[in-house]
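Single-structure report; data block below.
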Protein chains: 2
Amino acid sequence: MTPPLITAPALTRCCTPFKPMYERICRALATSERTLVVGHVNPDGDVIGSCLALASALRALGKEAVCYNESPVPMVYNFIPGAGEVVDQVVLPGDFDAVAVLDCSDIERVGMIARQIQKMPLVVNLDHHATNEGYGHLACVEDNACATAEIIYRLIKKWGLSFDLTMATGLYTAILTDTGSFRFANTSHTAFSICNEMVSCGVDPYHVAQHVYGDYSLGRIKLLNMALGSIELLEDGSLSFMTLTRHMMARTGTSLEDADGMINYAKQIEDVRMAAMIAEDPHQAGHYYISLRSDGSIDVSELATNFGGGGHVRAAGFNTDLPPALLKERILEWSRGQNMCRDIHQHLRLLNI
Amino acid sequence: MTPPLITAPALTRCCTPFKPMYERICRALATSERTLVVGHVNPDGDVIGSCLALASALRALGKEAVCYNESPVPMVYNFIPGAGEVVDQVVLPGDFDAVAVLDCSDIERVGMIARQIQKMPLVVNLDHHATNEGYGHLACVEDNACATAEIIYRLIKKWGLSFDLTMATGLYTAILTDTGSFRFANTSHTAFSICNEMVSCGVDPYHVAQHVYGDYSLGRIKLLNMALGSIELLEDGSLSFMTLTRHMMARTGTSLEDADGMINYAKQIEDVRMAAMIAEDPHQAGHYYISLRSDGSIDVSELATNFGGGGHVRAAGFNTDLPPALLKERILEWSRGQNMCRDIHQHLRLLNI
């Protein structure tokens, strides 16, 4: 029997005690014969790793599972066993009796199939973003989890399954990438504990790191050079913008995927409290993907939410069709409300060298 | 009683079974009333973290311990509790009845006090380098250990001590840095297991990472931008040059220290088998420091040796007064002898964007 659709986030969140919700989700997914496992567009390591791990677990339970993502699997994650089976076309409801939505704070983050998913008989929402809206029939939102992978890890444990190489590699890669190689504030005791277990299950940390952080194409180095050259510092150096246009990507033969992580350079400049990377969609002129990072003193998920996005205090994002000049003005305006500037005088410095 | 001085590495190495050697070392150090704890010159995170952890453990046993290093503690490690107590002057034998030498494959690596150390009544050699010569009265050389910190961890465990914040932060920082943030081939199950335990003992991974990999000055970001712009690819992309002049450093308000690690960008480009960074001395026009990196297929220490320098297969360096154009020609000439080019036709590509 399908549980009733709950809309109020407070009711659906998997807060203390966690266990009953995990049990309900484990039972519900194990009852489903065929589950669609979905993550957000422009997937990161947590999406790909967690989706593949969950699908493999469902198969180990004797069920069918299909991984779907509107965007292609980024090249760097192709080494994860099963990555080749992620599809970008699916017909709903098809034969699916459940959909598991992973790492999406908002159901719209899955892309075009969001509407069809909402009509499905069982939607399970598994996420670690504090801004998660609590959509779905069953939702487990743990904003203390280092990654959505931590939630998938717990489900697999509750099912009593052994970790095969797909699950172990998926979860390890998800945690490695979502913690920025164990450097971000979400690097917890649990992150190390799970990774320790995954290495014991056969994951080779060097092999994974070589794939994830391995060689750069020459184009990516060129794009990084352009990205660094585009950095603008405002508000006495407390706010930084980095801008990547589709022309830059065309000139360097790169894609949005190559811009992954580049915002960290804008964030890493001393005194910067908030950094925004504005990356134009290479396939759609005038459409922009905005990544936001903060040092923790400003909640960038609030800013992202204003634009229909979401995320965490230190890392958030949204999409927009606003032109960059106007967008920067809006971000600047919001940031002023946060009392970011450490000096009375606004001081504009450009990285124009 | 002091054990006899053993010189043959085979006899002193702590191979299987490890336990007897750990027990002997634990007993010997716990018997010493005052121990000098020493690491190699130009210390890294493993040296500083391991030395501070061992000294703290000896004090917890009610003994005296002094940490010595010929070089100053690098700024990024000053946050480790006790870092301020590392001395760079010491008189031997003084009141010391033992010296623990950490992370030094060769006793000469400690610097000027090497000779005095060799006259001490008890020298304990604790290291994880396969090339360790097995010097000292007692030696524990575990080349499978992810860092020397892993050996110190085991000693502390054998002593049955609780990990205080100095020990925990020291060991965590040592493993974080020596595994390249859990990315290098020495990232083991044990590395995760120890770090997991250290986090449980109170280490904040984000706090440590912020210190170790923290903010860049704006000048350093500008210098990186210039460095990327200077990259030249030769020999069908298998050889890369990066050039930093003293004018670049003057314009960005940076020093040679800021160029640290930048060669990795030149090395990280796919197909590059050897990278050379030519950095001019900011205080001496026309004098250059050359850093070399290889993917392991070429021994760059051989090239460095030709110019009076030295190093390892994958990382080496030298200084020269040769003008960059001539220097590049010489390096190119040598590289051709290594049969680096994968294509018959030499193809020159410049990162001119």
Side-chain angles (χ1 to χ4, degrees), chain A residues 176 179-200 203-210 212-218 220-229 231 233 237 240 248 251-252 265-272 295-296 314 349 351-353, chain B residues 176 179-201 203-210 212-229 231 233 237 240 248 251-252 265-272 295 349 351-353:
Chain A
L176 175 76
T179 60
S181 203
F182 306 95
R183 296 181 189 184
F184 296 162
N186 57 337
T187 308
S188 60
H189 157 69
T190 315
F192 283 113
S193 172
I194 297 173
C195 288
N196 183 13
E197 194 175 338
M198 296 307 110
V199 173
S200 301
V203 172
D204 176 352
Y206 178 63
H207 174 77
V208 176
Q210 278 291 96
V212 173
Y213 305 108
D215 290 348
Y216 271 38
S217 68
L218 180 61
R220 196 168 174 194
I221 288 280
K222 287 179 178 180
L223 188 70
L224 174 60
N225 199 9
M226 288 176 170
L228 293 180
I231 295 176
L233 290 178
S240 68
M248 289 178 185
R251 278 179 68 187
T252 54
Y265 291 91
K267 167 63 197 68
Q268 210 175 5
I269 300 169
E270 57 190 357
D271 298 334
V272 166
D295 65 356
R314 293 171 187 269
R349 286 187 287 172
L351 188 63
N352 195 3
I353 49 181
Chain B
L176 174 76
T179 60
S181 203
F182 306 95
R183 296 180 188 183
F184 297 162
N186 57 336
T187 308
S188 60
H189 156 70
T190 314
F192 283 113
S193 172
I194 297 174
C195 287
N196 183 14
E197 192 175 340
M198 296 307 110
V199 173
S200 301
C201 291
V203 172
D204 176 352
Y206 179 62
H207 174 76
V208 176
Q210 277 293 95
V212 173
Y213 305 107
D215 294 346
Y216 271 37
S217 67
L218 179 61
R220 197 172 173 189
I221 287 280
K222 288 180 177 180
L223 188 70
L224 174 60
N225 197 7
M226 288 176 170
L228 294 180
I231 293 175
L233 289 178
S240 69
M248 289 179 184
R251 278 179 69 187
T252 55
Y265 291 90
K267 168 63 198 67
Q268 209 176 5
I269 300 169
E270 56 190 358
D271 300 332
V272 166
D295 64 356
R349 288 188 284 173
L351 187 65
N352 196 3
I353 49 180

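Per chain, numbering begins at 1; letters A, B, ... match sequence-line order.
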**OP:** Check whether any side-chain N or O of Q210(B) sits under 3.5 Å from a backbone N or O of A185(A) as a donor-acceptor pair, and report yes or no.
**Re:** no

Original post:
Top residue by heavy-atom pair count (under 4.5 Å) with chain B, among A209(A), G214(A), S193(A)?
Top reply: S193(A)

Original post:
P205(A) and T187(B): which non-hydrogen atoms are nearest, and at how many Å?
Top reply: CG-O, 3.2 Å

Original post:
N196(B) and H189(A): which non-hydrogen atoms are nearest, and at how many Å?
Top reply: OD1-ND1, 2.6 Å

To the nearest 0.5 Å, tell me how far [X] [atom1] sits from [Y] [atom2].
X       : Y       : atom1 : atom2 : result
Q268(B) : L218(A) : CD    : CG    : 12.5 Å
L228(B) : L223(A) : CG    : CG    : 11.0 Å
Y213(B) : R183(A) : OH    : CZ    : 4.5 Å
E270(B) : S217(A) : CD    : OG    : 5.5 Å
Y206(A) : S188(B) : OH    : OG    : 15.0 Å

**OP:** Apply side-chain contact (heavy atoms from CB on, under 4.5 Å) to the pair I269(A) and D215(B), showing each step before the final yes or no.
**Re:** CA-CA 5 Å; I269(A) 300 169; D215(B) 294 346; over 6 Å; no

Original post:
Under 30°, 30 to 60°, or over 60°: which ring-plane class applies to F192(B) and F192(A), parallel, tilted or perpendicular?
Top reply: tilted

**OP:** Check whether any side-chain heavy atom of Y265(B) sits under 4.5 Å from a side-chain heavy atom of L224(A), and report yes or no.
**Re:** yes

Original post:
Contact part of F182(B) toward chain A, heavy-atom cut-off under 4.5 Å: side chain, backbone, both or neither?
Top reply: both

